[in-house]
Amino acid sequence: MRVLAVSLGTILLAIPPLAAQDHTVERAIVRHVDARRAEAVVLLEQAVNINSFATSWIDGSPFARAGHLVAERTGSGPRLLLIGHLDTVFELGSPFQRFERGDDSTARGPGVIDMKGGDVVMLEALSALDAAGALERMNVRVIMTGDEELTGRPIATARAALVEAADWADVAIAFENGDSDPRTAVISRRGSSSWQLVITGRPAHSSQVFTESVGAGAIFEAARILHRFYDDLSTDSLLTFNPGVVLAGTDVVHDSAQSRGTAFGKGNVVAGHAVVSGDLRAISPDQLAQAQARMRAIVGEHLPLTTAEITFDHSYPPLAPTDGNRRLLALFDRVSRDLGFGPVTAVDPRKAGAADVSFTTGRVAMAIDGLGPGGADDHTVDETIDLRTLPMQAKRAAVLLYRLSTGAIP
């Protein structure tokens, strides 16, 4: 990991200043995006109608998922990392597979906002910068991961290219849809981890439960632990944990990869086994570590003649709110106001799930996400885009990138 050698202020001071902001390039950016409104929708339709892109840029076989698309242009100024992903949550067998126009301003389809719509925003922004003659001198790297919705394992291998790019970059800009409202952007995201409890009890006839020789059984121990989790941790701000699967009885078979299993038991037999799996989301590495420590302590307070063990599997790290991220939001807000699109505020982290931008945590001076299009009902068969937001987001992203690259920062 590259330790940041310069502060945010140093980065901004190192950008060549302009005596007066030149709006000529920005006007050219806006004109180009407007001229490509129809082409942008066609590109989005083509992307949505492909369930997931295939790429050989970075082979995904080591982590058993799709590959990653990487593109780079070397120039001057801050090193700008742009992040997208190529997949959707909908499997090949889903009936929801095609782009469908609604009225003049809407369309529906798998990934139309999460996040093929965001990918189109990114591409249109880069196209506009190129048409305005601004892209050639920029220092830009684009990472489009093959599978954001299901990353593959090991996670360190699956996100190695993204982490390497974050170590290279000064600024990270991601094009997820955030809370699907372009009036907001994301400067903090909660991380996503999973946990699993494995519990044992002493099987026996139920008439002997609670005796010194039999104890409480696995189900009572599972109930104790989950109840204590709720009592002790559920009021922590921005911390959530959810038991999603519970299997318990005399015999338990748990397929963790498929998140399913079977259990057999009888009412007159004390349960010998229990398995509980769930997720854990925190806003910062410190909050995550503290929550895990408290959960381990609770698990360790066993009921009589039971055992319990909890394990954690990290997936997405938190993107903690930082002064740099707030600064980048302020710059984006200024761009939006200058273009006549109004203010942009920060998303409540409870309304934005984990995403690839979080892998830039601690590696870049500034990061922002949620620059994708507006819409509704992502991750459902009603996923819909407001097509009017495609050119708006492309203009805002392109002008933000231009100002970062040239020092045209108010």
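The closest side-chain donor-acceptor pair between Arg190 and Thr240 falls under 3.5 angstrom. Using a 3.5 Å distance cut-off with no hydrogens or angles, the side chains of Asp251 and His273 do not pair a donor with an acceptor. Side chains of Thr307 and Thr200: a donor on one and an acceptor on the other come within 3.5 Å. Ser180 and Asn177 share a side-chain donor-acceptor pair at under 3.5 Å. A donor and an acceptor atom, one from each side chain of Thr106 and Asp103, are located under 3.5 Å apart. Between the side chains of His85 and Glu176, at least one donor-acceptor pair of N or O atoms lies under 3.5 Å.
When atom types are taken as modelled, the side chain of Thr389 and the backbone of Leu387 share no donor-acceptor pair closer than 3.5 angstrom. Side chain of Lys351 to backbone of Asp179: no donor-acceptor contact under 3.5 angstrom is found. Side-chain atoms of Arg224 come within 3.5 Å of backbone N or O of Glu301 as a donor-acceptor pair. With hydrogens and angles ignored, the 3.5 Å screen pairs a side-chain donor or acceptor of Ser284 with a backbone N or O of Gln287. A donor-acceptor pair under 3.5 Å is formed between the side chain of Ser358 and the backbone N or O of Pro317. Under a 3.5 Å cut-off, the side chain of Thr322 and the backbone N or O of Asn325 do form a donor-acceptor pair. A distance-only check finds no donor-acceptor pair linking the side chain of Gln46 to the backbone of Val41 [under 3.5 Å]. Side-chain atoms of Gln393 come within 3.5 Å of backbone N or O of Leu371 as a donor-acceptor pair. Between the side chain of Arg396 and the main chain of Pro182, a donor-acceptor pair closer than 3.5 Å is present. Side-chain atoms of Glu309 never come within 3.5 Å of backbone atoms of Val198 as a donor-acceptor pair (strictly under, hydrogens ignored).
Look at Glu383 and Arg108 and you find no salt bridge, because none of the NZ, NE, NH1 or NH2 atoms lies under 4.0 Å from a carboxylate O. Salt-bridge formation is not detected for the pair Glu39/Arg36: no Lys NZ or Arg NE/NH1/NH2 atom is positioned less than 4.0 Å from an Asp or Glu carboxylate oxygen. Ion pair Asp348/Arg350 not flagged as a salt bridge, since none of the NZ, NE, NH1 or NH2 atoms sits closer than 4.0 Å to an Asp/Glu carboxylate oxygen. Between Arg388 and Asp104, none of the side-chain N atoms (NZ, or NE/NH1/NH2) sits under 4.0 Å from a carboxylate O, so this pair counts as no salt bridge. Residues Glu136 and Arg73 are not paired through a salt bridge, judged by the lack of any N-O separation under 4.0 Å between the basic side chain and the carboxylate. Ion pairing of Arg294 with Asp236 is present here, as a side-chain N (NZ or NE/NH1/NH2) and a carboxylate O approach within less than 4.0 Å. A salt bridge links Arg281 and Asp279; the closest N-O separation between the charged side-chain nitrogens and carboxylate oxygens is under 4.0 Å. Salt bridge present: Glu26 and Arg403 bring a charged side-chain N and a carboxylate O closer than 4.0 Å. A salt bridge between Arg327 and Asp323 is absent, with no side-chain N of the basic residue lying under 4.0 Å from a carboxylate O of the acidic one.
When all heavy atoms are compared, the tightest approach of Ala397 to Phe332 is N-CE1, 4.4 Å. Across all non-hydrogen atoms, the minimal contact from Ile113 to Gly374 is CG2-O, 3.6 Å.
Using a 30° and 60° split on the angle between ring planes, Phe220 and Phe210 fall in the tilted class, from 30° to 60°.
Between Val142 and Leu126, some side-chain heavy-atom pair lies under the 4.5 Å cut-off. Between Thr250 and Lys266, every side-chain heavy-atom pair lies at or beyond the 4.5 Å cut-off. Side-chain contact check for Pro285 versus Pro318: some heavy-atom pair is nearer than 4.5 Å. With a 4.5 Å cut-off on side-chain heavy atoms, Val270 and Arg202 do not count as touching. Residues Leu288 and Leu280 have side chains in contact (heavy-atom distance under 4.5 Å, counting atoms from C-beta outward).
For CZ of Arg260, the number of neighbouring non-hydrogen atoms (other residues, nucleotides, ligands) closer than 6.0 Å is 12 at most. By the 6.0 Å contact criterion, CZ on Phe312 is enclosed, its count of non-hydrogen atoms from other residues, nucleotides or ligands being greater than 12. For NE2 of His205, the number of neighbouring non-hydrogen atoms (other residues, nucleotides, ligands) closer than 6.0 Å is greater than 12.
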- prompt: Do Val30 and Leu339 pass the side-chain contact (heavy atoms from CB on, under 4.5 Å) test, and can you show the C-alpha distance, the side-chain angles, and the key distance before you say yes or no?
  reply: CA-CA 9 Å; Val30 169; Leu339 291 173; 3.9 Å; yes
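Between the CG atom in Leu81 and the CD1 atom in Ile173 there is a gap of 9.0 Å [rounded to 0.5 Å]. For the atom pair Ile225 CD1 and Thr306 OG1, the distance stands at 7.0 Å (nearest 0.5 Å).
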